[in-house]
Amino acid sequence: MTSTDTSRQTQLNALYTALAAIPAGRVVTYGQLASLAGRPGAARWVGSVLNKLPVDTQLPWHRVVAAGGRIALPALEAQKQCRRLAAEGVPNKGRIDLALYGW
DNA sequence: GTTCTGACCTGAA
DNA sequence: ATTCAGGCCAGAA
């Protein structure tokens, strides 16, 4: 195996760890999560990973939002995410205040 | 090998 | 506030 493969796997693990480390009532942006995973600028990569994430995952994927507290998901999924966040103590109306609930 | 696409980000008009 | 363009990473065609 090449060193890039192992490295990529390690970063992926770091991403899951960082995401799991996000407490309820707190949200992070894709770029920030990418930085936490040791890959600044790889926000798109994070989105790709979350998209392929299984439906029965235990990871708090709903705590990940786009820059400015904007929801990156389509209307339906976004509504579900907003609902979930509100249930965790993050009141939002289609947009989240990162100044208050941001990491 | 190139080209397109996607749960992105920033800055400018 | 909304729209556009350039840049970023990785996987699929």
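Throughout, a chain's letter reflects where its sequence line sits, starting with A, and its residues are numbered from 1. Keep in mind the model is a prediction, meaning the values are calculated, not measured.
Atom OH in A:Y30 sits roughly 17 Å away from atom C1' in B:dT10 (whole-Å rounding). We find that CG of A:L73 is positioned 8 Å from P of B:dA7, with the value rounded to whole Å.
For B:dT5 and C:dC8, the C1' atoms lie 14 Å apart once the distance is rounded to whole Å. C:dA13 and B:dG1 have their C1' atoms separated by 13 Å, given to the nearest Å.
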Heavy-atom protein contacts under 4.0 Å, nucleotides 6-13 of chain C, coded B base, S sugar-phosphate only, - none: -BSBSS--
Chi angles and distances behind the side chain to side chain contact (heavy atoms under 4.5 Å, CB included) call for A:L15, A:R39: CA-CA 9 Å; A:L15 175 60; A:R39 225 61 171 175; over 6 Å; no
Side chains of residues 92-103 of chain A: which donor-acceptor partners sit under 3.5 Å, not counting sequence neighbours?
unit_1, atom_1, unit_2, atom_2, d
A:N92, ND2, A:C82, O, 3.4
A:N92, ND2, A:V90, O, 2.8
A:D97, OD1, A:A99, N, 3.0

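Listed by chain and residue number, A:R63 satisfy the salt bridge (charged side-chain N to carboxylate O under 4.0 Å, His left out) test with A:E88 (two or more places apart in sequence, or in another chain).
Residues A:L53 and A:Y16 are in side-chain contact: their nearest non-hydrogen atoms beyond the backbone lie under 4.5 Å apart. Looking only at side-chain heavy atoms (C-beta outward), A:V49 and A:W61 stay at 4.5 Å or farther from each other. Annotation: side chain of A:T57 is in contact with side chain of A:P54 (closest heavy-atom distance under 4.5 Å).
Under the Watson-Crick and G-U wobble criteria, each requiring two contacts below 3.5 Å, nucleotide B:dA7 is left unpaired.
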